[in-house]
Amino acid sequence: MTKFVVEFYEDMNGNCPVENFLLKQDIKMRAKLLGLLEILQEKGNQLREPYSKYLGNDIFELRGKQGNNISRILYFFYCDGKIILTNGFVKKTQKTPVNELRLAQSRRNDYLERRQE
């Protein structure tokens, strides 16, 4: 079985958007999301709903719920079992916001381009 490694996307300036997102969450939501990240690392591409959902264009979402609060962390798979976390957001609408999907895709493209150098 493939060993998975969860990594934070880091932009060219060294910023880690998902790390910053996690630090802004209340302690219960942060604990919930960190627990889900452990499950993601263990299960990888075998993780399914209600924990994870494929959104298209190689982007997946990790689905955290604590009370009435719903948070999502978007990610994609890379070579050698790497899982790259691109962005996180608090979900307030039924569908995943298009701007969050575009951001995840943009960060995925940036990550892949920088790996080609």
Side-chain angles (χ1 to χ4, degrees):
M1 186 169 172
T2 305
K3 178 150 173 63
F4 294 96
V5 177
V6 173
E7 292 185 7
F8 292 96
Y9 164 82
E10 191 174 304
D11 68 17
M12 292 179 80
N13 298 322
N15 298 316
C16 296
V18 174
E19 183 178 32
N20 295 336
F21 171 75
L22 287 169
L23 292 172
K24 291 178 185 172
Q25 301 309 300
D26 68 49
I27 193 79
K28 288 183 178 181
M29 180 57 84
R30 188 177 322 144
K32 177 69 138 186
L33 291 171
L34 291 174
L36 287 170
L37 288 173
E38 285 182 25
I39 294 170
L40 177 61
Q41 185 165 333
E42 181 183 315
K43 302 279 187 188
N45 55 2
Q46 300 301 309
L47 190 62
R48 301 284 186 261
E49 289 190 49
Y51 305 110
S52 175
K53 184 176 179 182
Y54 179 64
L55 301 178
N57 294 324
D58 298 320
I59 302 296
F60 294 78
E61 70 177 1
L62 193 64
R63 311 171 88 185
K65 183 174 183 180
Q66 180 62 44
N68 291 330
N69 299 325
I70 300 172
S71 291
R72 300 289 191 251
I73 295 177
L74 303 186
Y75 64 94
F76 65 92
F77 291 93
Y78 187 64
C79 303
D80 302 322
K82 286 186 183 176
I83 299 169
I84 312 301
L85 309 176
T86 58
N87 52 310
F89 62 96
V90 174
K91 190 165 184 207
K92 298 182 189 272
T93 59
Q94 194 68 19
K95 291 188 81 168
T96 300
V98 173
N99 62 327
E100 296 291 347
L101 280 169
R102 285 188 185 134
L103 182 58
Q105 195 65 49
S106 170
R107 288 179 176 162
R108 179 181 180 274
N109 292 340
D110 175 60
Y111 182 91
L112 295 175
E113 285 174 16
R114 288 193 281 145
R115 296 298 167 272
Q116 299 296 322
E117 294 172 359

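One finds the OH atom of Tyr51 at 11.0 Å from the CG atom of Leu62 (value rounded to the nearest 0.5 Å). We find the CD1-CG distance between Ile27 and Leu34 to be 9.0 Å, quoted to the nearest 0.5 Å. Interatomic distance, Asn20 CG to Gln25 CD, rounded to the nearest 0.5 Å: 11.5 Å. Rounded to the nearest 0.5 angstrom, Gln105 CD and Thr86 OG1 are separated by 9.0 Å. Of the inter-residue distances, the one linking Glu7 atom CD with Ile83 atom CD1 reads 10.0 Å to the nearest 0.5 angstrom. Note that OG of Ser52 is 12.5 Å distant from NZ of Lys43, once rounded to the nearest 0.5 Å.
When atom types are taken as modelled, the side chain of Asn87 and the backbone of Glu100 share a donor-acceptor pair closer than 3.5 angstrom. Counting only distance, with no hydrogens or angles, the side chain of Arg30 and the backbone of Leu22 share a donor-acceptor pair below 3.5 Å. Judged by distance alone, with hydrogens and angles left aside, the side-chain atoms of Asp26 form a donor-acceptor pair with the main-chain N or O of Lys28 at under 3.5 Å.
Ring pair Phe60/Tyr75 is parallel by interplanar angle, where below 30° counts as parallel and above 60° as perpendicular.
Put simply, Val5 and Leu40 are part of two different groups of oily side chains (I, L, V, M, F, W, Y) that touch within less than 4.5 Å, one to the next. Hydrophobic clustering of Ile, Leu, Val, Met, Phe, Trp and Tyr side chains at less than 4.5 Å, counting indirect connections, unites Phe8 with Phe4. At a threshold of 4.5 Å between side-chain heavy atoms, the hydrophobic network of Ile, Leu, Val, Met, Phe, Trp and Tyr places Val18 and Phe77 in one connected group. Under a hydrophobic clustering in which Ile, Leu, Val, Met, Phe, Trp and Tyr are joined whenever their side-chain heavy atoms come within less than 4.5 Å, directly or via other members, Leu36 and Leu47 fall into the same cluster.
Heavy atoms from other residues, nucleotides or ligands lying under 6.0 Å from OH of Tyr54 number more than 12. In Asp11, the CG atom is crowded: over 12 heavy atoms of neighbouring residues, nucleotides or ligands sit closer than 6.0 Å. Other residues, nucleotides and ligands contribute more than 12 heavy atoms inside 6.0 Å of the CG atom of Asn99. Around the NZ atom of Lys32, the shell of radius 6.0 Å holds no more than 12 heavy atoms that belong to other residues, nucleotides or ligands.
Shown here for Ser71 and Val90, the closest heavy-atom pair between the two residues is OG-CG2, 4.0 Å.
Judged by the 6.0 Å and 45° rule, Arg115 forms a cation-pi pair with Tyr111. A cation-pi geometry, defined here as NZ or CZ lying under 6.0 Å from the six-membered ring centre and within 45° of its normal, holds between Arg108 and Phe76.
Here the options are Lys53, Lys65, Lys91, the test is side chain to side chain contact (heavy atoms under 4.5 Å, CB included), and the partner is Arg72; only Lys91 passes. For the pairing with Glu61, the side chain to side chain contact (heavy atoms under 4.5 Å, CB included) check across Leu74, Ile73, Leu101 returns one residue only, Leu74.
Within the 4.5 Å cutoff, the side chain of Phe89 has heavy atoms near those of the Pro97 side chain.
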